[in-house]
Enquirer: 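Okay, handing you the structure first.
Counting starts at 1 for both ligands and their atoms, following the listed order.
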Amino acid sequence: MSPTPVSTPIRFLTGITTSGTPHLGNYVGSIRPSVRASLTDGVQSFYFLADYHALIKIDEPARIQRSTLEIAASWLAAGLDPERVVFYRQSDVPEIPELTWFLTCVTGKGVLNRAHAYKASVDKNNACGVDPDSDVTAGLFMYPVLMGADILMFNAHHVPVGRDQIQHIEMARDMANSFNHRYGAHFVPPQAAIEESVATLPGLDGRKMSKSYDNTIPLFSSREQLKKLIAGIKTDSRAPGEPKDTEGSALFQIYQAFATAEETLALRQAYANGVSWGDAKQLLLERIDQEIAPMRARYQHLMEHPEEVEALLLAGGKKARAIATPFMQQLRHAVGLRALSAGVVQAQVKAAKSSLPAFKQYREKDGKFYFKLADARGVVLLQSLGLESPQLAGKSIGLLQKEGASALEALSAQLEPLLDRDALVAALEALKAEAA
Ligand code: TRP
């Protein structure tokens, strides 16, 4: 079967784990750039909700369901056009876990030992003096393989990710190469597309905005909520009129992520001129709200009509499977999971037959009847002594064919000493299996 890594068009793929409520950091770092990328011509984009990945971290079913809806609604409200892209839920594509297994079988365990997320857990356990794998599930360990399957399933060329995900993309490349090396060129080794401009957004406390720090601003807060949260952004104690530092100011960095270059320059000037923190926060509120407000109505509508989102995802899942199902069929064939009637098998059975050892019966000048077993190259594995009748020889051969090596003992009086018992046993077992 001919390998089919499709080279055009360029394919982009990205996923978000459905483990929480999208916040401004997700929006700036992932949702907004990926929606923009989806509008580029000549690019085929794949966007999915990584709900299998969520199972690694979350054991609250209702939370996974809710997060899936929230993230899908966020993407759609931010302008993702499900007609233009393939927008789907990972768990609607059962080929992905199947491919995960294929990739598992070509991935070194040592490679996974070195994955950052797994190593971080092990290091933490070691520091606490507990078992290195304490509380580490095999799911966490396998995270990179599932992610590799996400990417390779659609032969994505580029995967837009943050820096923390580069290692995963490199692993996916390795998986593609190992598989291709064994089974032919089926996969395109993917590349990470790093968004240089998308620095990580700081959270309320100045550290990276992240669920795990509990310092996030939800993307679709109401204006009042947004105002409250922005009021809580950490600033220093400089009074109104005192010049402020933009360096290390979370407020400034968040503003910058939403503003044009001129607007950013204007805020820099305001900092230098001693804008009050209260006024600066008001500017930030207005700037964020200007971008988010138009999306809010659509988000609210979708949250209140989950059946609309469900229908879109199911339609997207169909599109995804239109690619995944035949590709998986190709991969199954490549590794040898094939219909038994497929031509190659017959040819192989024939070849295997002709390479089997064979019995020979013959009469010598002494008038006695002999038999022997020789392998395909003619090497004699078993030699009988002279017997009184051809029937006797035939009977012994029948017994060896039926019972294999276990008949040797009963026949020992008819046989010359064995030359290579292991080779003989292997040959007899092969014959027995063939006859069965
Ligand atoms: N690991 C990504 C995250 O933490 C989510 C993800 C899963 C993903 N599979 C992917 C991203 C494939 C890009 C490509 O958010």
Side-chain angles (χ1 to χ4, degrees), residues 10-35 37-38 43-58 64 67-68 70-72 74-75 80 85-93 95-97 99-100 103-104 107 112 115-121 139-176 187-195 198 200-201 208-213 216 219 316 320 323-324:
I10 294 290
R11 300 184 185 205
F12 269 82
L13 175 143
T14 196
I16 298 184
T17 304
T18 56
S19 53
T21 301
H23 52 70
L24 288 186
N26 301 136
Y27 175 70
V28 167
S30 163
I31 297 173
R32 190 174 62 185
S34 61
V35 169
S38 76
V43 171
Q44 189 181 13
S45 304
F46 295 78
Y47 296 88
F48 70 96
L49 300 143
D51 53 353
Y52 282 135
H53 277 95
L55 299 182
I56 294 169
K57 299 188 220 166
I58 312 279
I64 290 186
S67 172
T68 304
E70 287 173 341
I71 294 172
S74 298
W75 245 328
L80 193 72
V85 304
V86 186
F87 179 52
Y88 58 102
R89 178 167 44 196
Q90 188 184 28
S91 65
D92 284 337
V93 186
E95 287 82 2
I96 291 171
L99 179 55
T100 300
L103 298 179
T104 301
T107 303
L112 298 178
H116 297 323
Y118 170 69
K119 246 178 61 184
S121 298
L140 176 66
F141 189 68
M142 294 293 295
Y143 188 110
V145 189
L146 180 56
M147 186 160 161
D150 289 331
I151 298 167
L152 301 184
M153 186 83 260
F154 299 101
N155 265 329
H157 301 84
H158 296 289
V159 184
V161 286
R163 303 205 157 273
D164 57 328
Q165 298 287 322
I166 296 179
Q167 188 195 33
H168 289 146
I169 311 302
E170 279 165 2
M171 288 181 170
R173 285 181 71 81
D174 287 348
M175 291 169 207
F187 293 125
V188 174
Q191 275 180 350
I194 302 299
E195 293 271 353
V198 182
T200 47
L201 203 69
K208 175 188 169 177
M209 190 179 287
S210 161
K211 281 187 293 260
S212 35
Y213 295 146
T216 66
L219 172 56
I323 298 170

Enquirer: Can the ring centres of Phe154 and Phe187 be said to be less than 6.0 Å apart?
Expert: no

Enquirer: List the closest protein heavy-atom neighbour of atom 9 (N) of ligand 1: residue, atom name, distance to the nearest 0.1 Å.
Expert: Asp150 OD2, 2.7 Å

Enquirer: With rounding to the nearest 0.5 Å, note down the distance linking CE in Met171 to CD in Gln165.
Expert: 11.0 Å

Enquirer: Does the ring centre of His53 sit less than 6.0 Å away from the ring centre of Tyr143?
Expert: yes

Enquirer: May I have the step-by-step check of side-chain contact (heavy atoms from CB on, under 4.5 Å) for Gln90 and Leu146, ending in yes or no?
Expert: CA-CA 10 Å; Gln90 188 184 28; Leu146 180 56; 3.8 Å; yes

Enquirer: If the cut-off is 4.0 Å to any non-hydrogen atom of His53, which atoms of ligand 1 fall inside it?
Expert: 7 (C), 9 (N)

Enquirer: Walk me through it: do Leu24 and Met209 pass the test side-chain contact (heavy atoms from CB on, under 4.5 Å)?
Expert: CA-CA 8 Å; Leu24 288 186; Met209 190 179 287; 4.0 Å; yes

Enquirer: Could you list the atoms of ligand 1 found under 4.0 angstrom from a heavy atom of Val159?
Expert: 13 (C), 14 (C)

Enquirer: Counting non-hydrogen protein atoms only, what is the nearest one to atom 6 (C) of ligand 1? Give residue, atom name and distance.
Expert: Gly15 O, 3.9 Å

Enquirer: In terms of residue, atom name and distance, what is the protein heavy atom nearest to atom 1 (N) of ligand 1?
Expert: Tyr143 OH, 2.6 Å

Enquirer: What's the spacing between Glu70 CD and Leu49 CG if we round to 0.5 Å?
Expert: 11.5 Å

Enquirer: For ligand 1, which part of Phe12 has a heavy atom less than 4.0 Å away: the side chain, the backbone, both, or neither?
Expert: neither

Enquirer: Would Thr14 count as being in polar contact with ligand 1, using the rule that some N or O on each side must be under 3.5 angstrom apart?
Expert: no

Enquirer: Write out the residue and atom name of the closest protein heavy atom to atom 15 (O) of ligand 1, then the distance separating them to 0.1 Å.
Expert: Thr17 OG1, 3.7 Å

Enquirer: Look at the rings of Tyr88 and Phe48 and say which category their plane angle falls in: under 30° parallel, 30 to 60° tilted, over 60° perpendicular.
Expert: parallel

Enquirer: Heavy-atom distances under 4.0 Å are what count here, so tell me which part of His168 touches ligand 1: side chain, backbone, both or neither.
Expert: neither

